[in-house]
Asks: 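Shown below is the structure under consideration.
Predicted model only: the values in this text are computed from it and were never measured. Reminder, nothing fancy here: chain letters follow the sequence lines and each chain counts from 1.
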Amino acid sequence: MKDAIASNYSLIYAVVAAIPKGEVATYGQVALLAGLPGRARQVGYALHALADPSLPWHRVVNAKGEISLRSGGSEGDRVQRLRLEAEGVVFDRCGRIDLERYRWRP
DNA sequence: CCCATGACTGATT
DNA sequence: TAATCAGCCATGG
């Protein structure tokens, strides 16, 4: 899977990198902006394959405004929340984000 | 080529 | 608000 940069992933990464600090975007949102409407799943797949710490992937959450847990039992989910809180994003008691308030609107 | 899996979404109940 | 169902498609075996 070395051809990741040769696929639409580049576009996905570009969109993720364009998310303003303190805001979040859903997978569907990223997919749409990346020119892949309805392919939210592939966006998640792309992020799963990603391993770039300089990319603000933590600003990408699912449609419910929750942190998507990934396989592997990584600590990523925990880090994601901490990073978002560090940017001013507030989680409710259920660990969810108010999308109406923090959702990125380009 | 076929099959199973997956950081998902949206409508419906 | 939460749970369920069906649809989406790239990736790997």
Asks: What's the CD-P distance between A:Q42 and B:dA7, to the nearest Å?
Replies: 12 Å
Asks: With a 4.0 Å cut-off on N to O distance, would you call A:R81 and A:E85 a salt bridge?
Replies: yes
Asks: By the 4.0 Å heavy-atom rule, please label A:L50 as base, sugar-phosphate, or nothing.
Replies: nothing
Asks: To the nearest Å, how far apart are A:R39 CZ and C:dT11 C1'?
Replies: 16 Å
Asks: Within the structure, does a side-chain N or O atom of A:T26 lie under 4.0 Å from either OP1 or OP2 of B:dC8?
Replies: no
Asks: Starting at atom CZ of A:R78, determine the distance to atom C1' of B:dA7, rounded to an integer number of angstrom.
Replies: 17 Å
Asks: Can you tell me the distance, in whole Å, between the NE2 atom of A:H48 and the P atom of C:dG12?
Replies: 11 Å
Asks: Could you tell me how far apart A:I19 (CD1) and B:dA7 (C1') are, to the nearest whole angstrom?
Replies: 13 Å
Asks: Any side-chain N or O of A:Y9 under 4.0 Å from OP1/OP2 of C:dT11?
Replies: yes
Asks: Counting N and O atoms only, with roles assigned by atom type, does the side chain of A:D92 sit under 3.5 Å from a partner on the main chain of A:G95, one being a donor and the other an acceptor?
Replies: yes
Asks: Between A:E87 and A:R59, does any NZ, NE, NH1 or NH2 come within less than 4.0 Å of an OD or OE carboxylate oxygen?
Replies: yes
Asks: Without decimals, in angstroms, what is the distance between A:N62 CG and B:dG10 P?
Replies: 11 Å
Asks: Once you round it to whole Å, what is the distance between P of B:dA4 and OH of A:Y45?
Replies: 16 Å
Asks: Send over the distance from A:Y27 OH to B:dG10 P, rounded to a whole Å.
Replies: 14 Å
Asks: Say you draw a straight line from CD of A:Q29 to CD1 of A:I19; how long is it, rounded to the nearest 0.5 Å?
Replies: 8.5 Å
Asks: Does a distance-only test, which skips hydrogens and angles, find a donor-acceptor pair under 3.5 Å between the side chain of A:R41 and the base of C:dG7?
Replies: yes
